[in-house]
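As structure tokens, the structure follows; a few thoughts come after it.
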There are 2 protein chains.
Amino acid sequence: MPKNSISESVIKRLPRYYRFLGELMNSGVERISSGQLSELMKLTASQIRQDLNCFGGFGQQGYGYNVAGLREEIGRILGVDRQLPTIIIGAGNLGKAIAAHINFETRGCVLKGIFDIDPKITGETVADIAVRHIDELEKFCRDKKPVVAVLCIPKAATQEIADRLVDLGIRAFWNFSHYDLSAKHSSVAVENVHLGDSLLTLTYRANQMTDNG
Amino acid sequence: MPKNSISESVIKRLPRYYRFLGELMNSGVERISSGQLSELMKLTASQIRQDLNCFGGFGQQGYGYNVAGLREEIGRILGVDRQLPTIIIGAGNLGKAIAAHINFETRGCVLKGIFDIDPKITGETVADIAVRHIDELEKFCRDKKPVVAVLCIPKAATQEIADRLVDLGIRAFWNFSHYDLSAKHSSVAVENVHLGDSLLTLTYRANQMTDNG
DNA sequence: TAGATTGTTAATCGATTAACAATC
DNA sequence: TAGATTGTTAATCGATTAACAATC
């Protein structure tokens with residue numbers, strides 16, 4: 001029973017909890033206290049208990065948390081079992097790498113189609129899926145009803161494709177383009193991934209180290 | 001003259017300022033006020049002025065900010081002109097895509113080498129650079145003295161390679177592996193990019209939309 | 001000068017941490 | 001029961017926003 005609204009900071013930490021609990025489970029650890037988990041994850045025990053209690057009391061006083069049980073609860077909260085139909089737009093270097101590298105299924109998504117505008121690429125097979133031409137998008141969406149779209153296309157094309165996809169029923173964008181997609185429509189989720197910005201913050205810190213440290 | 005310590009939140013916003021100012025410059029915009037920029041970037045004008053004043057007074061009362069000038073100042077702060085020698089470890093799907101897709105030069109880095117452990121891959125050319133075998137790492141680092149390393153390798157290999165690279169003089173990691181690399185050494189910068197976690201937060205929000213909105 | 005907009009201080013808001021009673 | 005550890009409230013801290021005097 002999640003509270004009315006969970007803060008963005010908490011949501012961003014959930015996948016990390018899920019990941020660490022998965023590793024603990026695989027190592028055969030059955031139970032863990034907020035204190036032990038905090039050491040592992042470099043957080044405070046307080047924060048862990050606060051975060052988890054946004055969704056419910058998953059622990060037991062004097063015992064701690066059951067690793068497998070807590071992991072499953074967080075998985076349910078995140079929706080890993082929902083298997084949302086997903087498409088990738090853009091089968092260049094990045095689109096192909098995402099298709100091949102990301103395990104969509106374990107993250108609540110199923111990759112159903114990949115699209116590109118370049119006829120030289122369409123027909124290629126990536127992650128067992130034939131790349132379709134973007135002209136087939138409308139027909140495909142009517143048939144398969146994807147709800148998540150991964151955008152690996154140039155900046156200039158992004159807003160137009162996004163609008164088109166919203167009309168076709170897409171409700172979540174994982175946006176790798178250089179364009180800051182902001183959901184005009186309130187019922188659309190957007191996760192902008194700016195790899196260039198990420199590198200630039202590292203550059204800043206690297207230079208700080210050199211200059212001061 | 002940056003203040004002693006700039007908060008992580010401010011640093012994470014700098015690349016986005018840099019990006020928007022670049023676009024404005026390319027569109028021929030010469031000056032902009034914090035109010036106008038705030039509308040464009042969906043921030044408050046207050047925040048923009050606070051952020052910029054961490055580094056100095058770049059504006060002019062009654063006028064606003066000179067776009068090209070402010071962009072250059074932020075570029076200098078980030079260190080885009082330093083051109084740090086950079087290597088990529090791991091030339092699988094993701095390593096190749098990063099090599100091909102990211103413009104390192106405009107972000108203060110120069111890609112100098114790519115390494116992989118798989119002899120089937122070494123010798124291939126990616127982004128005009130021949131993939132070297134990981135055994136050549138020591139020799140290469142003595143010669144070329146790279147300071148930034150991009151890790152596109154499996155989780156299991158990450159900590160060991162990272163330790164080895166620190167000994168070889170690497171001072172910043174852009175880490176795409178599934179391992180939470182935390183700098184043991186205080187003079188090493190780490191930027192963990194967890195694409196899986198990013199997708200998972202989107203899955204959460206996509207499901208929220210469906211359930212509530 | 002008058003108008004605009006900054007730089008900067010003060011107020012607010014939210015997130016993190018600490019503390020402790022509840023309870024297994 | 002005693003010890004451990006949670007769930008939860010209260011205190012602290014930091015980041016964001018508002019306000020306004022300085023000044024171009």
Side-chain angles (χ1 to χ4, degrees), chain A residues 1-17 20-21 24 29-74 77 182 201 204, chain B residues 1-17 20-21 24 29-74 77 182 201 204:
Chain A
M1 319 293 130
K3 283 175 194 165
N4 315 19
S5 88
I6 307 296
S7 85
E8 199 60 26
S9 333
V10 174
I11 294 165
K12 284 223 286 282
R13 280 193 293 270
L14 287 182
R16 192 155 177 268
Y17 287 125
F20 273 80
L21 289 165
L24 285 166
V29 178
E30 273 183 28
R31 64 181 243 194
I32 197 161
S33 69
S34 58
Q36 293 170 307
L37 191 57
S38 74
E39 256 179 81
L40 210 58
M41 296 185 65
K42 321 268 182 201
L43 300 171
T44 64
S46 252
Q47 181 162 61
I48 291 174
R49 293 203 300 277
Q50 286 275 22
D51 284 354
L52 298 179
N53 277 89
C54 293
F55 302 96
F58 301 136
Q60 197 169 319
Q61 281 97 331
Y63 173 91
Y65 299 86
N66 176 279
V67 171
L70 180 57
R71 178 173 175 279
E72 192 165 327
E73 289 283 6
I74 295 177
I77 291 161
S182 63
T201 62
Y204 171 81
Chain B
M1 317 294 130
K3 283 175 192 163
N4 315 19
S5 88
I6 308 295
S7 85
E8 199 60 26
S9 333
V10 174
I11 294 165
K12 285 223 284 282
R13 279 193 294 270
L14 287 182
R16 193 156 176 269
Y17 288 125
F20 273 79
L21 289 165
L24 285 166
V29 178
E30 272 183 29
R31 62 182 244 193
I32 197 160
S33 70
S34 58
Q36 293 169 309
L37 191 57
S38 74
E39 255 179 79
L40 210 60
M41 297 185 64
K42 321 268 183 199
L43 300 171
T44 64
S46 251
Q47 181 162 61
I48 292 175
R49 292 203 301 278
Q50 285 275 20
D51 284 355
L52 297 180
N53 277 90
C54 292
F55 302 97
F58 301 136
Q60 198 169 316
Q61 281 99 330
Y63 172 92
Y65 299 86
N66 177 277
V67 170
L70 180 58
R71 177 173 176 278
E72 191 165 325
E73 290 283 6
I74 295 177
I77 291 162
S182 62
T201 62
Y204 171 82

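Numbers restart at 1 for each chain; the letters A, B, ... are given by sequence-line order, proteins then strands. We use all heavy atoms of the structure for the numbers below, so side chains are in, but hydrogens, waters and symmetry mates are not.
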Nearest heavy atoms of [X] and [Y], plus distance in Å:
{"X": "A:I77", "Y": "B:Y204", "result": "O-CD1, 3.3 Å"}
{"X": "A:I74", "Y": "A:L21", "result": "CD1-CD1, 3.7 Å"}
{"X": "B:P15", "Y": "A:T201", "result": "CG-CG2, 3.6 Å"}
{"X": "B:F58", "Y": "B:L52", "result": "CE1-O, 3.9 Å"}

> Between which nucleotides of DNA chain C, 5' to 3', does chain B make heavy-atom contacts below 4.0 Å?
Replying inline: C:dA4 to C:dA10
> Contacts to DNA chain D from residues 8-17 of chain A, heavy-atom cutoff under 4.0 Å, which residues?
Replying inline: none
> Is there a residue in residues 60-71 of chain B whose heavy atoms reach under 4.0 Å of DNA chain D, and which residues are they?
Replying inline: B:Q60, B:Q61, B:G62
> So, A:R16 side chain and A:M41 main chain: donor-acceptor pair closer than 3.5 Å or not?
Replying inline: yes
>> Applying a 4.0 Å non-hydrogen cut-off, can you work out what A:S46 is touching in the nucleic acid: base, sugar-phosphate, or nothing?
In response: base
Evaluate the side-chain proximity of [Y] to [X]: yes if any heavy-atom separation is below 4.5 Å, no if none is.
{"X": "B:F55", "Y": "B:V10", "result": "yes"}
{"X": "B:L37", "Y": "B:L24", "result": "yes"}
{"X": "B:L70", "Y": "B:Y17", "result": "no"}
{"X": "A:T44", "Y": "A:S38", "result": "no"}

>> Nearest 0.5 angstrom please: B:K42 NZ to A:S182 OG, how far?
In response: 5.0 Å
> Can you list every pair that meets salt bridge (charged side-chain N to carboxylate O under 4.0 Å, His left out) and has a residue in residues 43-53 of chain A, with sequence neighbours left out?
Replying inline: A:R13-A:D51
> Which pairs with one or both residues in residues 29-41 of chain B pass salt bridge (charged side-chain N to carboxylate O under 4.0 Å, His left out), sequence neighbours excluded?
Replying inline: none
> Which angle, rounded to 10°, do you find between the first-five-pair axis and the last-five-pair axis of the helix from C:dG3-D:dC24 to C:dC24-D:dG3?
Replying inline: 10°
